[in-house]
Peer 1: 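Attaching a single structure in structure tokens format; questions to follow.
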Amino acid sequence: MENTRDRKWNFRRHKQFIGGEWLTGSTDKVLVDRNPFDGSIVAEFTCASVADVDKAYRAAQRVRSDWDGVSPDDKRAVFERAVSYVEEHTPEIVDLIIDELGGTRLKAHFEIGLVLGMLEEAGTFPARMDVQNLRSPDPDRENRVYREPVGVVGVISPFNFPFFLGMKSVAPALAAGNGVVLKPHEDTPIAGGTLIAEVFEAAGLPAGLLNVVITEIPVIGDAFVEHPVPRAISFTGSTEVGRHVAEVAVRDFKKPILELGGNSALIVLADADLDVAVNAAVFSRFTHQGQVCMSANRVLVHRDVFDEFASRYVAKAASLPVGDPRDPDTVLGPLINRRQADRLAEQVEQGIAEGARVLLRGEVDGTLFHPTVLTGVTPEMSVMREELFGPVACLVPFDTEDEAVAIANDTPFGLSGAVHTSDLDKGVELAKRLHTGMVHINDSTIADEPNVPFGGEKQSGFGRMNGDSSLDAFTTLKWISVNRGRARFPY
């Protein structure tokens, strides 16, 4: 199954990475990794079996205790070398992101920047495994609280930002002292899987501490989550699948860490700077073809400025170049596969059948889905209630701030949001009323920084990531008390 692309990029491994070795999966099932734009084969993998998954978890468990003995400075050096490796190979990684997931050059550089920030932040974790001393009412007692790794973490990464969202769990989990087994999405096994293994192998991570299994769910079922070794499962993906992952994990008292879908609202008040608001709203909806969980599916605009905003928004959306992601002028490349494009087209048709009015109708050509803008929508319509994972937006007028808040909160999701207004204090107060994990004033709904608590409410996830939140996610606390006097007991 040698692929000519492997000779171009060293990190394009098409095997399993288990116990520090590049191995062929032990099934007869072949996973074909295709370019979503032209359908060409990027790589082929022989899928991992349940036995391969077991081997990966056992390797992580076995090596993890050795990682405990590595000094914080030496651990940090691994992450510094990982940063250097990514920086040195940025041109090749850009090409990979374009080929494997249809990301544009702009998107690829944006994703790599996020990865570098996450690696740098994770590199600080080994020195942050602090011991706390807490006061006791007993003057003879000393209370120590130790932060310890949970043990082994299972990570399941998605297809939209696979390099970053895989690294977002893998790097902090490793830095906090854990072993890791990573299973990337079947549409992005390299960017979300073997590339990450290549980075840490080159950085000198102990062999076996990180393992990557490439496989499909019909091949292994729930074995990745059910395995007895991992004590935490970090999943990024759809709410439907995340719910199942959580149910399986909790049955065995594993910690589920979930980053799930969204249906974000971007609110434009009457006093907003419309130039900024239009640009932010277009960026919030059409970045990476709208395949971002934080995308602004719903753009809520005060009625006083709705017509002008809608006119500008539609004109800008219609002007976005759609096509080959290798073209540096392309803003919208392909959706990840034809199934996703067909599903999105069905959602648009259903919305129109339910009464939505079309302001811009983009054509669908295979996996290329041109920008589409709807209005005349109501909260009960499917296009307002479902996550639209593609370049389709709903523009909704409102009359009062209370109405805008009610519409924004009328969703089972609660990931991100934005408010545009010239009155910053008013924007913050309105943002506090939104039932989401994150809100951005006069900015996009799409944002992520390595040290802020990232995560959602309701069906958008469980827990927080980044900075101290990731440290909490991948560690546990142990209380050890020391009695320096003579303990007394009632009997």
Side-chain angles (χ1 to χ4, degrees), residues 237-243 260-270 277 281-282 284-286 290-307 309-310 313-314 317 335 340-362 364 369 371-420 430-439 445 456-461:
S238 71
T239 295
E240 180 183 6
V241 176
R243 179 181 290 110
L260 308 179
N263 188 12
S264 300
L266 185 147
I267 299 173
V268 181
L269 300 184
V282 169
S284 297
R285 176 62 275 184
F286 300 109
Q291 297 175 120
V292 183
C293 55
M294 296 171 281
S295 291
N297 298 345
R298 302 170 298 150
V299 181
L300 315 183
V301 185
H302 195 281
R303 198 175 300 276
D304 288 351
V305 295
F306 181 83
D307 289 344
F309 179 94
Y313 184 90
V314 168
L335 297 184
Q340 292 286 340
D342 290 345
R343 166 60 179 153
L344 186 62
E346 290 173 1
Q347 289 177 295
V348 171
E349 291 296 337
Q350 184 176 352
I352 294 171
E354 292 172 352
R357 181 162 55 88
V358 178
L359 293 179
L360 177 65
R361 183 66 181 272
V364 183
F369 203 117
T372 296
V373 182
L374 305 175
T375 193
V377 294
T378 56
E380 66 273 8
M381 289 184 180
S382 57
V383 289
M384 284 283 281
R385 302 204 65 77
E386 297 174 356
E387 181 176 30
L388 303 174
F389 216 60
V392 178
C394 295
L395 300 190
V396 185
F398 66 86
D399 293 300
T400 68
E401 292 174 18
D402 288 344
E403 182 185 4
V405 169
I407 296 171
N409 287 338
D410 188 13
T411 174
F413 300 98
L415 186 57
S416 187
V419 177
H420 282 257
L430 193 151
K432 288 160 64 175
R433 298 170 63 191
L434 301 181
H435 301 160
T436 67
M438 303 169 287
V439 187
T445 60
E457 299 295 327
K458 300 186 284 188
Q459 294 184 21
S460 286

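One is the number of the first residue; the rest follow in order along the sequence.
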Peer 1: Nearest 0.5 Å please: distance from the CG atom of L415 over to the CD atom of E457.
Peer 2: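 Rounded to the nearest 0.5 Å, the CG-CD separation comes out at 10.0 Å.
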
Peer 1: Between atom CD of Q340 and atom CG of L335, what is the distance when rounded to the nearest 0.5 Å?
Peer 2: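 If I round to the nearest 0.5 Å, the distance is 7.0 Å.
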
Peer 1: I'd like to know if the side chain of H302 and the backbone of D399 have a donor-acceptor N/O pair within less than 3.5 Å.
Peer 2: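 Such a contact is found between H302 side chain and D399 backbone.
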
Peer 1: Between the main-chain N or O of V396 and the side-chain N or O of R298, is there a donor-acceptor pair closer than 3.5 Å?
Peer 2: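 No, because the side chain of R298 does not come within donor-acceptor range (under 3.5 Å) of the backbone of V396.
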
Peer 1: Can you see which heavy atom on L359 is nearest to which on A310, and at what distance?
Peer 2: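 Smallest heavy-atom distance, with atoms named: CD1-CB, 4.5 Å.
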
Peer 1: Could you go through H435 and T411, starting from their C-alpha distance and side-chain angles, then the distance that decides it, and tell me whether this counts as side-chain contact (heavy atoms from CB on, under 4.5 Å)?
Peer 2: CA-CA 9 Å; H435 301 160; T411 174; over 6 Å; no

Peer 1: Looking at S416 and M294, would you say the former's side chain and the latter's main chain have a donor-acceptor pair under 3.5 Å?
Peer 2: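 Flag not set: sc S416 to bb M294 has no pair under 3.5 Å.
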
Peer 1: Strictly distance-based, threshold 3.5 Å: is any side-chain N or O of E386 a donor or acceptor partner for the main-chain N or O of Q347?
Peer 2: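 The answer is no, because no donor-acceptor pair under 3.5 Å joins these two groups.
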
Peer 1: Within this structure, what is the CG-CZ distance for the pair L395 and R357, rounded to the nearest 0.5 Å?
Peer 2: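 Going from CG on L395 over to CZ on R357, the span is 10.0 Å.
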
Peer 1: Please say which of N297, I407, T378, L374 ends up in a side chain to side chain contact (heavy atoms under 4.5 Å, CB included) with M384.
Peer 2: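 Result: among N297, I407, T378, L374, I407 is the only option passing the side chain to side chain contact (heavy atoms under 4.5 Å, CB included) with M384.
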
Peer 1: Just wondering, do E401 and I267 contact through their side chains at under 4.5 Å, heavy atoms?
Peer 2: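 Of all side-chain heavy-atom pairs linking E401 with I267, none is under 4.5 Å.
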
Peer 1: Should L269 and F398 count as side-chain neighbours, where that means a heavy-atom distance under 4.5 Å?
Peer 2: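 Counting from C-beta outward, L269 and F398 do come under 4.5 Å.
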
Peer 1: State, to 0.1 Å, how close T372 and F369 come at their nearest heavy-atom pair, and which atoms those are.
Peer 2: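 Smallest interatomic distance, heavy atoms only, reads OG1-CE2, 3.8 Å.
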
Peer 1: What residues form a ring pair (Phe, Tyr, Trp, His ring centres under 6.0 Å) with F286, not counting sequence neighbours?
Peer 2: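 If we apply the ring pair (Phe, Tyr, Trp, His ring centres under 6.0 Å) test to F286, skipping adjacent residues, there are no hits.
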
Peer 1: Please determine, by modelled atom types, if Q350 and E346 share a side-chain donor-acceptor pair under 3.5 angstrom.
Peer 2: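 The answer is no; no qualifying pair exists.
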
Peer 1: Taking all non-hydrogen atoms of both residues, which atom of A408 and which atom of L434 are closest, and how far apart?
Peer 2: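 The answer is CB-CD2, 3.8 Å.
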
Peer 1: Please report the interatomic distance SG(C394) to CG(L388), rounded to the nearest 0.5 Å.
Peer 2: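 C394 atom SG to L388 atom CG measures 5.5 Å (nearest 0.5 Å).
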
Peer 1: Could you work out, with salt bridge (Lys or Arg N to Asp or Glu O under 4.0 Å) as the rule, every residue matching R385, not counting sequence neighbours?
Peer 2: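 Only D410 meet the salt bridge (Lys or Arg N to Asp or Glu O under 4.0 Å) criterion with R385.
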
Peer 1: Which atom pair, heavy atoms only, marks the closest approach of A317 to V373?
Peer 2: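 Closest approach of A317 to V373: CB-CG2, 4.5 Å.
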
Peer 1: Flag the pair R343 and E387 as a salt bridge only when some basic side-chain nitrogen lies within less than 4.0 angstrom of an acidic carboxylate oxygen.
Peer 2: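 No salt bridge links R343 with E387.
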
Peer 1: Evaluate V419 against R433 for side-chain contact (heavy atoms from CB on, under 4.5 Å), listing each step before the verdict.
Peer 2: CA-CA 11 Å; V419 177; R433 298 170 63 191; over 6 Å; no

Peer 1: With a 3.5 Å distance limit and no angle check, can you tell me whether R285 reaches the backbone of G390 through a side-chain donor-acceptor pair?
Peer 2: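 Yes, the answer is positive, given that a donor and an acceptor are paired below the 3.5 Å cut-off.
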
Peer 1: Are side-chain heavy atoms of L344 and P391 found at a separation under 4.5 Å?
Peer 2: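 Yes; the side chains approach each other to less than 4.5 Å.
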
Peer 1: Can you name the nearest heavy-atom pair linking G414 to S460, along with the distance?
Peer 2: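 Nearest heavy atoms, G414 then S460: N-OG, 2.8 Å.
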
Peer 1: Quick one: does T445's side chain have a donor or acceptor within less than 3.5 Å of a partner on A418's backbone?
Peer 2: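 Checked: no pair found.
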
Peer 1: Would you tell me whether S238 and E240 have side-chain atoms, one donor and one acceptor, within less than 3.5 Å of each other?
Peer 2: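 Not at all, the side chains of S238 and E240 share no donor-acceptor pair under 3.5 Å.
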
Peer 1: Any chance you could measure L300, atom CG, to H420, atom NE2, to the nearest 0.5 Å?
Peer 2: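 NE2 of H420 is found 11.5 Å from CG of L300.
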
Peer 1: Under a 3.5 Å distance rule, please check whether T436 uses its side chain to pair with a backbone N or O of G417 as donor and acceptor.
Peer 2: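 No; judged by distance alone, with no hydrogens or angles, the pair does not exist.
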
Peer 1: So which heavy atom on F309 is nearest to which on A281, and how close?
Peer 2: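 Looking at all heavy atoms of both residues, the closest pair is CZ-CB, 3.8 Å.
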
Peer 1: Calculate, to the nearest 0.5 Å, the distance between atoms CG and NZ belonging to L260 and K458 respectively.
Peer 2: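 The CG atom of L260 sits 13.5 Å away from the NZ atom of K458.
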
Peer 1: Taking it one step at a time, do F389 and V292 satisfy side-chain contact (heavy atoms from CB on, under 4.5 Å)?
Peer 2: CA-CA 7 Å; F389 216 60; V292 183; 5.7 Å; no

